Amino acid sequence: MSSKSVRVRFAPSPTGPLHMGGVRTALYNYLFAKKNNGTFIVRIEDTDQNRFVPGAQEYILDALKWCGIEPTEGPAIGGNYGPYVQSERKELYKPYAEQLVNSDKAYYAFDSAEELDSMRENAKKMGMPNWQYNVVTRASLRNSLTLPQDQVNELLANNTPYVIRMKMPRNVDIRFEDIIRGWVVVNTNNLDDKVLYKSDGMPTYHLANIVDDHLMEISHVIRGEEWLPSAPLHVLLYDAFGWESPKFAHLPLLLRPDGNGKLSKRDGDRLGFPVFPTDWTTAEGELYSGYREKGYFKDAFINMLAFLGWNPGTQQEIFSLDELVQSFSLERVSKSGAKFDPDKTKWFQQQYLRSTSNEELAKLLSKYLNNGYDETKLITICRLMKERATFIQDIATEGSYLFEKPISYDEQTVSKKWKEETPALMKDWISVLSLITEFQHEKIEIAFKSFLEEKQVGIGAVLQNFRLLVTGTAMGPSMFEIAEFLGKEECIDRMNQGLIKIEILKTN
Ligand code: GLU
């Protein structure tokens, strides 16, 4: 690594909510910075005013905050290299574009959008669908390379709209070493004369990105693979300015679960899972769900994202953010696309839920229920239900019978386990229960075992019907614990009511 201190940036464009792939890019930048005692910066790239979406910038910053990967420099935070929103740096870019014109690396182009459109149309008719403004075509277009200098001066003096374009050199191999992909070589004959500065007085992404990475002393550019095709132009721009280029690392794409294509923003909830970190409502009022609102813990979400394209080289899968920082390296990021796995995502959430203390879970559950439940009771409920839940809300739904009497009875158990002799057996079991003085799970279990012995019946004949009467369900945590939790009176009351209701079900 170079001796320069590590400074990396996440540079989203506020064109909509942040896709989870974007969060992964931010995460890898964050991990890389922390691992190398560097600085993680957020810069908002909003030079394309046509694609600006109100609320997107706030969304992005809020989502990063939720994920716990906040920048040390960025909008609203500040820093020595600000402002960190490109539209606020607007005035800064033009001299850089002009510097390139003066050094013959770029040129003014006066062709109107209509002229270029008709050029494209004509080319298409002649069987050339990919017409470009490039080293060949520029020779016959209206630009400062073809027009006499005094005419150029006049056009500029008259405020004729123009753009500044990169003057791609002819037939030059551009090479750079990508940390993840190795050497990349692209010949300039395959590249067009990209616009660097637009007629609306704004730089394009390419120019602003390079100028800002340079001014902000960015040491490593870590970004999605979709930017790889732009990298040769960027390398050339650093060269044209005479600046040292940062190191590049292009991250693998996130693929759909079936591996069929890239996981895009448009996939929204269409595939049955969110693609955004937090909820996003469009201007038209359409809601796209987010991991936060679905009930994912941020640590589970981050842990899952870290593994989309990276692995620690060991069997360990559960990593706190600090552990990720310690283990992360770009060398262990893979080249090939990372398939998103919604089941694995749930698995991570499950693991995190299980390892959260019952006290902590009870607090979250209380917040979710928003209804002043007794805290000690909630702690017990969490202890009983956490192995069966993925999300906090599952504790409430899966364990609904811990809050209220059952309203229905599992049909399969009723039809398979509820036999003719069951009511009498259950009534006897109720009598036994009513005699237990200390209604505590070990005591109930001891009584249960002697009841089976006395009646000479198997566990299946009693336990499942006991559960059915008390909870209405076929499965759950220890019935003895459930009984203790509900208390003797409630337990017996439920059993008596259940006996009546199930008999009615049976006769119908
Ligand atoms: N503004 C670009 C984006 O929206 C940033 C690309 C880069 O990191 O250079 O992803």
Side-chain angles (χ1 to χ4, degrees), residues 20-21 23-24 27 31 63 66-69 254-258 263 267 269 271-279 289-312 314-325 327-328 338-370 373 377-403 410 467 471 473-479 481-482 485:
M20 67 171 132
V23 184
R24 187 199 56 177
L27 174 64
L31 297 177
W66 174 62
C67 293
I69 46 176
L254 289 197
L255 305 176
R256 294 201 184 116
D258 60 4
L263 187 63
D267 286 324
D269 296 289
L271 300 174
F273 52 83
V275 299
F276 299 120
T278 62
D279 274 1
S289 71
Y291 284 86
R292 176 174 66 188
E293 289 78 4
K294 282 269 182 218
Y296 280 86
F297 291 167
K298 69 171 200 315
D299 296 329
F301 178 61
I302 286 297
N303 198 156
M304 175 281 290
L305 274 183
F307 272 76
L308 286 180
W310 169 84
N311 73 78
T314 64
Q315 294 299 313
Q316 188 183 343
E317 289 188 283
I318 301 298
F319 282 81
S320 67
L321 191 56
D322 281 344
E323 288 173 314
L324 286 172
V325 167
S327 311
F328 187 77
K339 254 192 248 174
F340 175 71
D341 181 346
D343 294 332
K344 190 73 188 189
T345 306
K346 283 206 175 122
W347 178 86
F348 274 112
Q349 167 62 19
Q350 229 163 27
Q351 301 307 308
Y352 275 85
L353 188 99
R354 283 177 195 178
S355 62
T356 304
S357 73
N358 300 323
E359 289 71 18
E360 191 57 37
L361 290 179
K363 281 196 193 113
L364 297 170
L365 182 60
S366 167
K367 212 155 124 203
Y368 171 75
L369 295 169
N370 189 22
Y373 281 97
K377 282 202 167 156
L378 290 183
I379 293 174
T380 310
I381 291 176
C382 291
R383 177 172 63 78
L384 292 176
M385 296 309 302
K386 74 200 272 191
E387 293 294 322
R388 298 167 186 278
T390 303
F391 303 104
I392 287 290
Q393 56 266 38
D394 295 344
I395 298 181
T397 46
E398 290 288 309
S400 62
Y401 51 78
L402 298 172
F403 297 91
D410 180 68
R467 185 184 296 282
T471 71
T473 65
M475 275 185 308
S478 155
M479 247 334 276
E481 295 237 35
I482 293 175
F485 174 80

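What you are looking at is a predicted structure, and each value in this text was computed from that prediction instead of being measured.
Under the 3.5 Å distance criterion, the side-chain polar atoms of Gln393 are matched with a main-chain donor or acceptor of Lys294. Side chain of Arg24 to backbone of Phe307: no donor-acceptor contact under 3.5 angstrom is found. In this structure, Gln315 contributes its side chain and Glu317 its backbone to no donor-acceptor pair below 3.5 Å. A donor-acceptor distance shorter than 3.5 angstrom exists from the side chain of Tyr291 to the backbone of Pro274, with no hydrogens or angles considered.
Between Tyr373 and Phe403, the angle of the ring planes goes over 60°, which puts this pair in the perpendicular group of the 30/60° scheme. Between Phe340 and Phe273, the two ring planes are tilted [angle within 30° to 60°].
Minimum heavy-atom separation, Thr471 to Met479: CG2-SD, 4.2 Å. Minimum heavy-atom separation, Phe319 to Ser327: CE2-OG, 3.4 Å. Among all heavy-atom pairs drawn from Tyr352 and Asn303, the shortest one is OH-OD1, 2.6 Å. Scanning both residues, Ala396 and Tyr368, for their nearest heavy atoms gives CB-CE2, 4.0 Å.
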Counting only pairs under 3.5 Å, give me each side-chain donor-acceptor contact of residues 378-389, with atom names and distances, residues two or more places apart or in other chains.
from, atom 1, to, atom 2, distance (Å)
Thr380, OG1, Thr376, O, 3.1
Arg383, NH1, Glu481, OE1, 3.1
Arg383, NH1, Glu481, OE2, 3.4
Arg383, NH2, Glu481, OE1, 3.2
Lys386, NZ, Arg354, O, 3.3
Lys386, NZ, Thr356, O, 2.8
Lys386, NZ, Asn358, OD1, 3.0
Arg388, NH2, Gly476, O, 3.0

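Heavy atoms of other residues, nucleotides or ligands lying less than 6.0 angstrom from NZ of Lys344 number more than 12.
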Subject >> From CA spacing to verdict: side-chain contact (heavy atoms from CB on, under 4.5 Å), Met20, Leu263 >> reply: CA-CA 9 Å; Met20 67 171 132; Leu263 187 63; 3.5 Å; yes
Subject >> Phe391/Tyr296 under ring pair (Phe, Tyr, Trp, His ring centres under 6.0 Å): CA gap, chis, key distance, verdict >> reply: CA-CA 7 Å; Phe391 303 104; Tyr296 280 86; 4.9 Å; yes
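To the nearest 0.5 angstrom, Glu398 atom CD is 9.0 Å from Thr473 atom OG1. Interatomic distance, Asp258 CG to Leu271 CG, rounded to the nearest 0.5 Å: 8.0 Å. Rounding to the nearest 0.5 Å gives a distance of 12.5 Å between CH2 of Trp347 and OG1 of Thr390.
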